[in-house]
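Start at 1 and go down the list; that is how both ligands and their atoms are numbered. Atom set for the values below is all heavy atoms of this structure, side chains included, hydrogens, waters and symmetry mates excluded.
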Amino acid sequence: MTVRVSSAAGVLYIVPTPIGNLADMVPRAIEVLQTVDLIAAEDTRHSGKLMQHFQISTPMISYHDFSSEQKAQDLLDRLKAGKNIALISDAGTPLISDPGYRLVSAAREEGINVIPIPGACAAIAALSASGLPSDRFAFEGFPPAKNSARRAFYQALVQDSRTLIFYESPHRIQASLADLLEVFGPERRMVMAREISKTFETFLSGTISSVLAIVEQDPDQQKGEIVLLVAGYQPPEQQEELSPEACRVMSLLLDEKLPVKQAASLAAAITGEKKNRLYDWALTR
Ligand code: SAM
């Protein structure tokens, strides 16, 4: 494998590291880390263990999104002087909810060759095994931590027809699932992928309400690293066939400012129409 390119400037390699199982480290990533002049790591202490495991003795310096302009400039100067540098984060693919964007963007502007090494990424691993449509998807990173901001963030995606992918912290998982239920409705399909490639890897698949019920009952589901995937919006197949009576009752209840979920429940009880059809109808009204 050729690590160095033939131009005078060095190469900036974007190198993924394992998200759980150390054996997820791809051989090409090991080779690049062993042969570059310098590794720019999100946290040098954290990555030290990985380097030890793979017998990588390349010098490391810390680089993250809060690093000074001077530090980024120093890396660019070294690249321009012909040094090869590998960028790594604590786990997975750098730049994916991880540091590196500023550096890569600046490197490209300077005409420096940037080479990605494909490898572990929690979002892609989760999607590939989720069973949700994978032809079109949107990676949305971490939702905001505060409830109202998180709800608004979800609300903006409610009619997106792509599979939606989020990272979420275990401390917020219950609140975040409750917000998903409130905004997307109880019947929307979802998958919660936890601890991928680790001992307690778990995929919970079902409606939002069924996944929330499991997580509420089982404290173990509130631990570890989590990817949430929500099926994209699908217009109700026979929306026009919703009876005029069901539409009228729903309109009345929504005009009275009832929350969509409550309006759908009441209208279902009154008209005999399915709750999720009424819910979906309300979203497109
Ligand atoms: N750059 C990483 C990647 O390529 O996936 C993501 C870094 S981001 C700071 C960390 C978040 O990714 C975690 O909070 C979790 O949402 C998700 N994540 C990372 N590893 C995971 C795993 N093994 N299982 C499930 N989710 C994971």
Side-chain angles (χ1 to χ4, degrees), residues 12-26 28-29 32-33 39-47 49-50 53 62-67 86-105 114-132 134 137-146 150 153-154 157 163-177 179-180 190-205 211-212 214-215 218 220-230:
L12 175 60
Y13 291 94
I14 311 302
V15 181
T17 53
I19 54 168
N21 191 325
L22 280 177
D24 292 342
M25 186 82 172
V26 296
R28 193 168 165 225
V32 166
L33 293 178
I39 298 170
E42 180 180 7
D43 178 341
T44 51
R45 271 219 333 236
H46 176 95
S47 296
K49 293 172 209 147
L50 189 75
H53 182 86
S62 82
Y63 177 80
H64 43 75
D65 279 344
F66 306 107
S67 295
L87 176 70
I88 59 171
S89 61
D90 287 354
T93 301
L95 280 86
I96 307 302
S97 290
D98 263 345
Y101 165 71
R102 268 176 49 211
L103 182 64
V104 171
S105 171
V114 183
I115 296 182
I117 308 299
C121 174
I124 297 301
L127 176 68
S128 68
S130 69
L132 294 176
S134 54
F137 60 89
F139 173 65
E140 292 289 331
F142 284 94
K146 292 214 170 96
R150 187 169 53 229
F153 174 82
Y154 285 153
L157 296 165
T163 295
L164 303 169
I165 309 176
F166 307 99
Y167 285 162
E168 190 49 288
S169 134
H171 313 294
R172 290 193 275 275
I173 189 61
Q174 262 185 287
S176 196
L177 286 169
D179 285 346
L180 280 182
M190 73 161 293
V191 171
M192 179 172 126
R194 204 173 59 83
E195 295 288 87
I196 300 167
S197 94
K198 304 189 207 182
T199 313
F200 297 107
E201 178 176 290
T202 314
F203 277 69
L204 299 178
S205 169
V211 171
L212 175 59
I214 295 171
V215 172
D218 181 359
D220 284 345
Q221 301 301 330
Q222 300 161 25
K223 294 178 189 155
E225 298 197 278
I226 297 168
V227 182
L228 296 175
L229 304 102
V230 176

- Kindly say whether Leu127 contributes a backbone atom to a donor-acceptor pair with the side chain of Ser130 at under 3.5 angstrom? yes
- What are the atoms of ligand 1, with element, lying closer than 4.0 Å to any heavy atom of Lys198? 23 (N)
- Would you say Thr93 has any N or O atom under 3.5 Å from an N or O of ligand 1, going by distance alone? yes
- Item | Taking atom 7 (C) of ligand 1 as the reference point, the nearest protein heavy atom with its distance | Asp98 OD2, 3.4 Å
- atom 3 (C) of ligand 1 - nearest protein heavy atom and its distance: Tyr167 OH, 3.4 Å
- Message: With a sphere of 6.0 Å drawn around NZ of Lys198, does it hold more than 12 non-hydrogen atoms of other residues, nucleotides or ligands?
- Response: yes
- Task: Give a yes/no verdict on whether any heavy atom in Phe142 is under 4.0 Å from an atom of ligand 1.
- Result: yes
- Item | Best match, Ser89, Gly224, Ala122, Pro16: closest heavy atom to atom 18 (N) of ligand 1 | Ala122
- Contact (N/O only, under 3.5 Å) between Ile196 and ligand 1: yes
- Below 3.5 angstrom, do we get any N/O pair linking Arg194 and ligand 1? no
- Task: Can you see which heavy atom on Thr93 is nearest to which on Ala120, and at what distance?
- Result: OG1-O, 2.7 Å
- Message: Donor-acceptor check, side chain of Arg194 to backbone of Asp220, threshold 3.5 angstrom: yes or no?
- Response: yes
- Query: Looking at Ala91, which atoms of ligand 1 are within less than 4.0 Å of one of its heavy atoms?
  - Reply: 1 (N), 2 (C)
- Task: State, yes or no, whether a side-chain contact exists between Lys223 and Phe200 at a heavy-atom distance under 4.5 Å.
- Result: no
- Query: What protein heavy atom is closest to atom 26 (N) of ligand 1, reported as residue, atom name and distance in Å?
  - Reply: Val227 CG2, 3.4 Å
- Task: Please round to the nearest 0.5 Å and tell me the distance separating atom OG of Ser67 and atom CD of Glu42.
- Result: 10.0 Å
- Tyr167 side chain to Glu225 main-chain N or O, any donor-acceptor pair under 3.5 Å? no
- For Ile226, atoms of ligand 1 separated by under 4.0 Å from a heavy atom: 15 (C), 16 (O), 25 (C), 26 (N)
- Side chain, backbone, both or neither: Ile19 near ligand 1, heavy atoms under 4.0 Å: both
- Item | Check: Ala125 main-chain N/O paired with Ser128 side-chain donor or acceptor under 3.5 Å | yes
- Task: Give the residue, atom name and distance (to 0.1 Å) of the protein heavy atom nearest atom 9 (C) of ligand 1.
- Result: Ser97 O, 3.2 Å
- Message: For atom 19 (C) of ligand 1, what is the closest protein heavy atom, and at what distance to 0.1 Å?
- Response: Glu225 OE2, 3.5 Å
- Task: Starting from the C-alpha separation in whole Å, work towards a yes-or-no answer on side chain to side chain contact (heavy atoms under 4.5 Å, CB included) for Phe137 and Leu132.
- Result: CA-CA 10 Å; Phe137 60 89; Leu132 294 176; over 6 Å; no
- Item | Numbering as shown, the atoms of ligand 1 that approach Glu168 to under 4.0 Å (heavy-atom distance) | 16 (O)
- Item | Among Lys146, Arg172, Arg150, the one residue meeting salt bridge (Lys or Arg N to Asp or Glu O under 4.0 Å) with Asp179 | Arg150
